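Here's the structure we're looking at; comments come further down.
Side chains included, hydrogens not; waters and symmetry mates left out as well; all remaining heavy atoms used. Quick caveat, the model's predicted, so the values are computed rather than measured. Position 1 is the first residue of the sequence; numbering continues from there.
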Amino acid sequence: ADTASAYLDRSVSGRWDNPHLAGGLSDGACADSGGGEGSNDHVWEWESGTFNIPEIAIIDGLEVVIQYAASSLDLDGELSPDNSTWGTVLNARASGPSRCSDGTDTVTLGSGSERWGNTWSAANINDGIYIRIDARSGEEGTAYIDSVQLTIHYRIPQVLTVDKLGSGN
């Protein structure tokens with residue numbers, strides 16, 4: 001099996017404060033959910049061309065690693081190939097450092113075999129992927145996102161060529 005990884009590079013919509021701070025490698029500068037109760041989801045995009053997975057690849061799973069700080073909030077994550085068809089929500093309890101300045105912790109959503117409820121192809125991954133991260137609605141507190149890394153797990157099928165031998169007269 002092969003993998004391809006990329007860090008989030010830009011934000012496309014949502015309600016997080018300072019969303020650009022969640023881009024790139026973990027650096028201790030964080031986007032934050034603004035605190036308080038309510039939906040604080042934010043959609044981020046891995047742009048077209050970020051991944052260059054061979055077209056014949058079979059996608060086995062997608063894994064999202066989030067560097068975060070939060071005080072007892074659930075973080076939900078969803079993936080979409082088109083920013084409208086969202087995959088299964090996976091969530092993790094965020095109970096690491098309460099502020100980004102105190103350091104960050106890591107949560108992994110998905111795995112090498114989790115396809116998030118979608119059928120993925122190399123073409124739609126290479127065209128761009130969207131992720132939505134939500135500090136669970138209805139919970140009090142603030143979540144801080146330092147970095148988001150997406151890893152695509154895939155394999156290249158073996159191609160077997162069979163020559164048919166001709167038969168004589």
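The CG atom of Leu150 sits 11.0 Å away from atom CG of Leu109, with the distance rounded to the nearest 0.5 Å. Thr106 contributes atom OG1, which lies 10.0 Å from atom CD of Gln149 (distance to the nearest 0.5 angstrom). In this structure, the separation between OH on Tyr130 and CG on Leu79 is 12.5 Å, given to the nearest 0.5 Å. In this structure, Ser111 OG and Trp116 CH2 are separated by 9.5 Å, a value rounded to the nearest 0.5 Å.
For the pair Asp105/Val107, no side-chain contact is recorded, criterion being any heavy-atom separation below 4.5 Å from C-beta on. With contacts defined as side-chain heavy-atom distances shorter than 4.5 Å, the pair Ile152/Ile129 qualifies. No side-chain heavy atom of Pro81 sits under 4.5 Å from any side-chain heavy atom of Asp127. Taking the side chain as every heavy atom from C-beta outward, Thr151 and Val65 never approach each other to under 4.5 Å. Taking the side chain as every heavy atom from C-beta outward, Ser113 and Asp60 never approach each other to under 4.5 Å.
Nearest heavy-atom pair, Tyr144 versus Cys30, reported as atom, atom and distance to 0.1 Å: CB-CB, 3.7 Å. Of all heavy-atom pairs between His153 and Thr3, the closest is ND1-CG2, 3.4 Å.
For Ile156, the side chain to side chain contact (heavy atoms under 4.5 Å, CB included) partners at least two apart in sequence or on another chain are Asp2, Pro54, Ile56, Ala57, Tyr154. Partners of Gln158 according to the side chain to side chain contact (heavy atoms under 4.5 Å, CB included) rule, which considers only residues two or more places apart in sequence or in another chain, do not exist here. For Ser147, there are no side-chain hydrogen bond (donor to acceptor under 3.5 Å, both in side chains) partners at least two apart in sequence or on another chain.
Within the 3.5 Å criterion, the main-chain N or O of Ala122 finds a donor-acceptor partner in the side chain of Asn126. Judged by distance alone, with hydrogens and angles left aside, the side-chain atoms of Asp27 form a donor-acceptor pair with the main-chain N or O of Ala29 at under 3.5 Å. The backbone N or O of Thr85 sits less than 3.5 Å from a side-chain atom of Ser80, completing a donor-acceptor pair.
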- [ ] Please report the C-alpha distance between Gln67 and Thr104 in whole Å, then the side-chain angles of each, then the deciding distance to 0.1 Å, and finally whether the side-chain hydrogen bond (donor to acceptor under 3.5 Å, both in side chains) criterion is met.
- [x] CA-CA 6 Å; Gln67 288 290 128; Thr104 59; 2.9 Å; yes
- [ ] Begin from the C-alpha positions of Trp120 and Ile53 and carry the test side-chain contact (heavy atoms from CB on, under 4.5 Å) through to its verdict.
- [x] CA-CA 12 Å; Trp120 296 91; Ile53 296 171; over 6 Å; no
TODO: Evaluate the side-chain contact (heavy atoms from CB on, under 4.5 Å) criterion for residues Val148 and Ile131: first the C-alpha distance (whole Å), next the side-chain angles of each, then the deciding distance (0.1 Å), finally the verdict.
DONE: CA-CA 9 Å; Val148 181; Ile131 181 171; 4.2 Å; yes
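No path of Ile, Leu, Val, Met, Phe, Trp and Tyr side chains, each step under 4.5 Å between heavy atoms, connects Tyr7 with Ile66, placing them in separate hydrophobic clusters.
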